[in-house]
Amino acid sequence: MLAVSPFNELALGSLAHADQIKIFDTTLRDGEQAPGIALSSDDKVRIALALDDLGVDIMEAGFAASSITEKETLKRIVAEKPQAVVCSLSRSVRSDVDAVIDTGADFIHTFIATSDLHMKYKLKMTPEEVKARAVETVEYAREHGLEVQFSCEDATRSDLGFMKEVFLAVQDAGASSVNVPDTVGVIVPQGMRYVIGQLHDVLSVPIAVHCHNDMGLAVANTLAAVESGAEICHVTMCGIGERTGNAALEEVAVNLFANYGVQTVDLQKIGPTARMIERVTGFPMAYNKAVVGRNAFAHESGIHVHGVMGNSLTYEPFKPEMAGVDRRLVIGKHSGAHSVKGRLEELKIRFPEEMLPELMAQIKEIAIGGKEIDDAELLAIVDHVLWKKEIGEERVKLDSIVVFTGKGVTSTSTVTVTVDGESRTRAETGVGPVDAALKAIAEAVNDSITLEEFKLAAVTGGSDSICEVTVMIKDVQNDGNTAVGKAVGLDVVQTSVDAMMSAINRDYARKKESE
Ligand code: KIV
Ligand code: ZN
């Protein structure tokens, strides 16, 4: 299932607090603060239930004081009685705590900034005032029976001595855990190890860590904090959150399991949960997103596909099913014949070995520009290559074609074809570029040709899908015969022209046989 580096274990040893590690999910609070995401109350309840099913320990389901709707949504989530502890964010002000009390949640996450930058320019408060406010709010929440986690916002740019003072004071006031947010993603793992180690030495309550990804280190910093004794990991699904987001739940959970031997959430539910979050938030996931991105287990190059077919761990850190995601062997411009053959075998398609070079040439032509060819498209190309073989040598050749089209102009096409060695050039107009092109070809080959049927299908339904065109024409050689031609390609006009040419040559091939 797994093949991570053996050096990890040598360097890390085992975690003394492995069975205390908890996942504090803040997808519905920090995640929802991501620009471009605005969830309805129903969306939030659905996500909360999915996160609960995934197995998070604590879910920060919102910020009760931010709006009446938010408070009502938190109430709805609390009423669902999830297994996970439901928490609300709260500034260090009594009215925010009151809003949380109204939701019925048992857990509150209070915060106030402790860095000089924030105290001076944002809060306009002295350190003494900040500390007093932090303590007073924790006490107030405790008096109302709430379990409290307290955060020093911008902790990683705060004075360590002052932060220790504040954390010790809120611990005395009854906070059951404290959180160290890297609010602007400015620390490196070594720095995180240092600060958590320092705090761990003086505090008796569990330490949480909340890392932002501004410089791409959110997950590394979260793991570094765990190595130094942090027990609670603040994460969001797919790493969504303010600016560049937060430490991604799936990355932290998979790393904890694979590299630290720590089991947190139900890993196999990660894939379905990520897809659901992507759908509901409408926030597109990067193709190369670790663990759950579309390319996380996709292999295209011949060497990699060959390796993966022998043993998937050659090019994967763990089997995708471990995280509930799928492997994709992609056929594209980097594919080798080995991959294509393998895929055809899996699809139970028999394809003549000697025609593989032609199939590969067609695949490469269509895959130029990075297009991935899926199974339906691969089958359409196979069909086309086999079909072309039936036609044999082309007696009618298309030497050139120009199509002129646009809004407010009549589509016009000029073609030059060679019929049995004789070059002919004709121009025609049509209701659109395809019509003009096919008419010009017919005119050049034989003006009595009629188009009996024209079928166009986007093989996968996407706008970048390859299309498959089938045409049926009559009277190519004035004998009342009908001929069918097919082609696949990316461009509708070009593919229609190819289908027309294949029908014409098919008719000529028939005639040749009977001659
Ligand atoms: O990033 C941050 O500092 C926060 C706090 C509210 C904990 O999200
Ligand atoms: Zn945050």
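When a ligand or atom number is given, it counts from 1 through the structure's own listing order.
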Report task. Can you list, by chain and residue number, the protein N, O or S atoms under 2.8 Å from the Zn ion (ligand 2)? Result -> Asp30 OD2, His210 NE2, His212 NE2
Requested in this report: Apply side-chain hydrogen bond (donor to acceptor under 3.5 Å, both in side chains) to the pair Arg328 and Asn295, showing each step before the final yes or no.
Outcome: CA-CA 8 Å; Arg328 294 189 309 125; Asn295 286 359; 3.2 Å; yes
Report task. Measure centre to centre between the rings of Phe297 and Phe318, then say whether the value is under 6.0 Å. Result -> yes
Query - Distance flag, aromatic centroids of His306 and His299, threshold under 6.0 Å - result: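 So the answer is no for these two rings.
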Query - Arg294 to Tyr287 six-membered ring, cation-pi geometry met (6.0 Å, 45°) - result: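 Judged by the rule (NZ or CZ under 6.0 Å from the ring centre, within 45° of its axis), Arg294 counts as positioned above Tyr287.
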Report task. Compute the shortest N/O to N/O distance between Ser151 and ligand 1 and return yes if it is under 3.5 Å, no if not. Result -> no
Query raised in the report: Are any of the N/O atoms in Asp154 less than 3.5 Å from those in ligand 1?
Result: no
Report task. Using side-chain contact (heavy atoms from CB on, under 4.5 Å) as the criterion, list what pairs up with Ala457, not counting sequence neighbours. Result ->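 Listed in chain order: nothing, the list is empty.
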Query raised in the report: Can a salt bridge be assigned to the pair Lys22 and Glu231 using a cut-off of 4.0 Å between side-chain N and carboxylate O?
Result: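 Result for this pair is no, no salt bridge flagged.
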Query raised in the report: Looking only at side chains, do Glu300 and Ser335 share a donor and an acceptor under 3.5 Å apart?
Result: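 Side chains of Glu300 and Ser335: no pair found under 3.5 Å.
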Query raised in the report: Where's the contact between Thr183 and ligand 1, heavy-atom distance under 4.0 Å: side chain, backbone, both or neither?
Result: both
Requested in this report: Can you figure out which of Arg91, His210, Arg29 has its heavy atom closest to atom 6 (C) of ligand 1?
Outcome: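 Looking at heavy atoms only, Arg29 sits closest to atom 6 (C) of ligand 1.
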Report task. Name the option, out of His109, His212, Glu242, that contains the heavy atom nearest to atom 7 (C) of ligand 1. Result ->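 Comparing heavy atoms across His109, His212, Glu242, the nearest one to atom 7 (C) of ligand 1 lies in His109.
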**Report entry** Ligand-residue contact atoms, ligand 1 with Glu153, heavy atoms, under 4.0 Å
**Finding:**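 Numbered from 1, ligand 1 contributes 3 (O).
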Query raised in the report: Hey, what's the ring geometry for Phe111 with Phe63, parallel, tilted or perpendicular (30° and 60° as the breaks)?
Result: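 Phe111 vs Phe63 ring planes: perpendicular.
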Query raised in the report: Between atom CD of Glu153 and atom OG1 of Thr183, what is the distance when rounded to the nearest 0.5 Å?
Result: 5.0 Å
